[in-house]
Amino acid sequence: MAEVVGIIEQQTAPAEETQRTTDGFHLVIDALKLNDIDTIFGLVGIPITDLARLAQAEGMRFIGFRHEQHAGNAAAIAGYMTQKPGICLTVSAPGFLNGLTALANATTNCFPMILISGSSEREIVDLQQGDYEEMDQLNAAKPYAKAAYRVLHAEDIGVGVARAIRAAVSGRPGGVYLDLPAKLLAQTIDAVMAQQSLIKVVDAAPRQLPSPASVKRAIDLLKGAKRPLILLGKGAAYAQADAEIRAFVEKSGIPYLPMSMAKGLLPDTHPQSASAARSFVLAEADVVVLVGARLNWLLSHGKGKTWGAPKQFVQIDISPTEIDSNVAIAAPVVGDIGSCVTALVAAIDEGFTKPSVEWTGAITERKSKNLAKMAATLEKNPSPMNFHSALRAIRDVLKTRPDINVVNEGANTLDYARSIIDMYEPRKRFDSGTWGIMGIGMGFAIGAAVTSGKPVVAIEGDSAFGFSGMELETICRYDLPVCTIVFNNNGVYRGTDVNPTGGKDVAPTVFVKNARYDKMIEAFGGVGFHATTPEELTAALLEAIASGKPTLINAVIDEAAGTESGRLTNLNPQSAAMKK
Ligand code: ADP
């Protein structure tokens, strides 16, 4: 029983009672630990400060942030990396709402996480009598979470945590909200009964086998294909079925394209990678196998000019309702990716021929042409640096360290880095994801560093970095091996816009000129670098990685470089209209 005797009772309960009772605080920690959850990302305050203290006292890691959104993003990426729900702990109302952004993003991206928030008293909240940080958090969370639960009685904490874990990781993973009113945490309960109420979740994410008929249908479709293509999404990376996916790609001989977070599932240098001929293969393929990738905006919804002639799809996904969400899917294969891909590999028999040389040769030709064009662009050495020359320097360093985690966000910084920086190992690239959002940078970097124990290089647009920049203090406080590279071109998209009225205010997209982001990290004891050439950038990055310390490189980019919204100009109709 030693484990259930803790800080709170020691402070409040008489000695013999301490032997017999425990409370909500202890039970929450016990329930998490029982389910092998060892880390909490969060931000303390009323009513969860003691919960965080207790977690640490009981041997869990508590990583405290400066803003809940970044704690939530760290939890979400930890969930993606480990298939265990990442835990984010926040205070009520505003803290909860800050965390909710990350929870919604996790749900959208299919990352398993649990947002645990303290909340005010139900009796007062429900009568809207004006409590401290009053808010009906459960109902606020529901539309943005895969599931949301509230626990009112200490004896239900075990069930609440078990339900949250199952909901987060089973089927299509997502974000779960767990509401813990302050009163619940302080409730005392018989210690033996409390221990018996806890649940160790068994087989939280059961395998889901595809039906044999669906596998046959998919293989038959592929047998008739002339120009097949495999598209790997981050669902495939999440599934940790790396060997099975490689076997499917290599045994079938089908060229493949990785979505951005699936880069590295197979090394980007793999001969069957069609990344350098992306537009060509998307337009020309006749049968496309989607493996854990949705036909959302990132894939032009499976239609239109990008996709050229009409084509047929095989879609492997754990969520049956994803099928036909944008276009007709001729051969759905519903199940977990490991099981589905294994079944497909087993069904590749003598009747299955590898794609024709006509198809693979055309891809190779297109790839060589595009790679030569890109090499010429990358070789240029303009002064000041542009995105390409800076990314060439980073690419060459990262090539020597395939184990390094890469975080990437921005507009142009994201677009260019995605295609220039090759990845060699699975689940090492973390970026703006399904929403295409800014603000994930430092949260993902901290989550990745804490979870993997490996270095992180965060390649950040200067605007994107601003959303989470204060977490540099968190990085320094925990002495994490994170090197943040800020692509500094003095503004959102670029720094050259002017106020058309000639007034004192700068244009909406412009920042302080020649800002020294490297000085920010020095305020917290980290090491800052200022790089104005690719050579300086290379030297700084090598030194930063070798140090294993918190570092930031202010990479000065030509302020005229960069296009509006990166490559998403089509999603920014106003700017097109204003330019007319
Ligand atoms: P990307 O953005 O890389 O294209 P998406 O996030 O759009 O990837 O798609 C991921 C898909 O993978 C989702 O539809 C999700 O249901 C699916 N998925 C996630 N985990 C698994 C799994 N273990 N097995 C099968 N499908 C999965």
Side-chain angles (χ1 to χ4, degrees), residues 76-77 79-85 104-113 146 166-175 203-211 214-215 218 229-245 248 256-266 268 275 278 282 288-302 306-307 313-327 329 332-344 408-409 414 418 423 426-437 440 444:
I77 214 62
Y80 170 73
M81 293 169 81
T82 61
Q83 297 184 327
K84 282 199 298 192
N105 188 52
T107 305
T108 304
N109 280 281
C110 313
F111 299 157
M113 79 170 267
K146 186 178 167 197
R166 277 194 189 281
V169 299
S170 62
R172 170 183 279 180
D203 198 12
R207 303 219 87 167
Q208 281 178 231
L209 303 183
S211 76
S214 70
V215 173
L229 175 70
I230 294 170
L231 238 162
L232 301 174
K234 62 180 168 310
Y238 173 79
Q240 298 192 17
D242 309 339
E244 292 90 331
I245 288 168
F248 176 53
Y256 76 93
L257 274 183
M259 297 300 287
S260 68
M261 282 180 59
K263 277 165 69 73
L265 190 41
L266 291 154
D268 278 334
S275 288
R278 190 173 196 272
L282 285 179
V288 178
V289 188
L290 300 162
V291 187
R294 286 170 285 184
L295 284 175
N296 54 20
W297 70 282
L298 288 161
L299 285 168
S300 309
H301 303 281
T306 311
W307 289 89
F313 290 95
V314 174
Q315 183 161 26
I316 303 177
D317 206 288
I318 203 152
S319 170
T321 53
E322 185 56 40
I323 311 300
D324 299 333
S325 58
N326 284 271
V327 295
I329 301 296
V333 183
V334 174
D336 72 272
I337 283 164
S339 300
C340 293
V341 171
T342 303
L344 287 176
N408 187 201
E409 63 174 336
L414 176 73
R418 185 174 49 222
M423 301 303 297
R427 295 169 296 283
K428 293 281 184 187
R429 186 186 153 83
F430 315 109
D431 65 27
S432 304
T434 302
W435 265 347
I437 52 159
I440 47 84
F444 277 10

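In listed order, ligands and their atoms are each counted from 1.
- For the ligand labelled ligand 1, residue Cys340 lies outside the 4.0 Å heavy-atom shell.
- Side-chain contact between Leu299 and Asn326 is absent, with no heavy atoms from C-beta onward closer than 4.5 Å.
- Of the protein's non-hydrogen atoms, the one nearest atom 23 (N) of ligand 1 is Ala239 CB, 3.8 Å.
- A distance-only check finds no donor-acceptor pair linking the side chain of Ser170 to the backbone of Ala205 [under 3.5 Å].
- Looking at Ile316 against ligand 1, nothing comes within 4.0 Å, counting heavy atoms.
- Residue, atom and distance of the protein heavy atom nearest to atom 3 (O) of ligand 1 are Lys234 N, 2.7 Å.
- Using modelled atom types and a 3.5 Å distance limit, the side chains of Asn408 and Arg429 yield a donor-acceptor pair.
- By the criterion of a heavy-atom distance under 4.0 Å, the side chain of Asn296, and not its backbone, is placed next to ligand 1.
- Remark: ligand 1 and Glu322 share no N or O pair separated by less than 3.5 Å (distance only, no angle test).
- Although no hydrogens or angles enter the test, the distance criterion places a donor-acceptor pair under 3.5 Å between the side chain of Lys263 and the main chain of Arg418.
- With a 4.0 Å heavy-atom cut-off, ligand 1 is reached by the side chain of Met259 but not by its N, CA, C or O.
- For atom 10 (C) of ligand 1, the nearest non-hydrogen atom of the protein is Gly292 O, 3.1 Å.
- For Asp317, a nitrogen or oxygen atom sits less than 3.5 Å from a nitrogen or oxygen atom of ligand 1, counting backbone and side chain alike.
- For Ser319, no nitrogen or oxygen atom sits less than 3.5 Å from a nitrogen or oxygen atom of ligand 1, counting backbone and side chain alike.
- Taking every non-hydrogen atom of Thr434 and a distance limit under 4.0 Å, the qualifying atoms of ligand 1 come out as 6 (O).
- Shown in contact with Gly233 at under 4.0 Å from a heavy atom are these atoms of ligand 1, numbered in order with element: 3 (O).
- The backbone N or O of Phe430 sits nowhere less than 3.5 Å from a side-chain atom of Glu409 that would complete a donor-acceptor pair.
- Using cut-offs of 30° and 60° on the angle between ring planes, the pair Tyr80 and Phe111 is tilted.
- When only non-hydrogen protein atoms are considered, atom 5 (P) of ligand 1 lies nearest to Arg294 NE, 3.4 Å.
- Of all protein heavy atoms, the one closest to atom 20 (N) of ligand 1 is Tyr238 CD2, 3.7 Å.
- When each atom of ligand 1 is checked for a heavy atom of Arg172 under 4.0 Å away, the hits are 13 (C), 14 (O), 15 (C), 16 (O).
- Salt-bridge check for Asp317 with Arg294: failed, with every basic side-chain N at 4.0 Å or more from each acidic carboxylate O.
- Distance check: Glu244 CD to Leu344 CG gives 12.0 Å after rounding to the nearest 0.5 Å.
- Looking only at protein heavy atoms, the nearest one to atom 19 (C) of ligand 1 is Gly235 CA, 3.8 Å.
- Rounding to the nearest 0.5 Å gives a distance of 10.0 Å between CD1 of Ile318 and CZ of Arg172.
- Of the protein's heavy atoms, Ile318 N, 3.1 Å lies nearest to atom 26 (N) of ligand 1.
- Each of Pro112, Cys110, Pro426 was compared with Tyr238 under the side-chain contact (heavy atoms from CB on, under 4.5 Å) criterion, and only Pro112 meets it.
- Under the 3.5 Å distance criterion, the side-chain polar atoms of Arg427 are matched with a main-chain donor or acceptor of Ala237.
- Protein heavy atom in closest approach to atom 24 (N) of ligand 1: Ile337 N, 3.0 Å.
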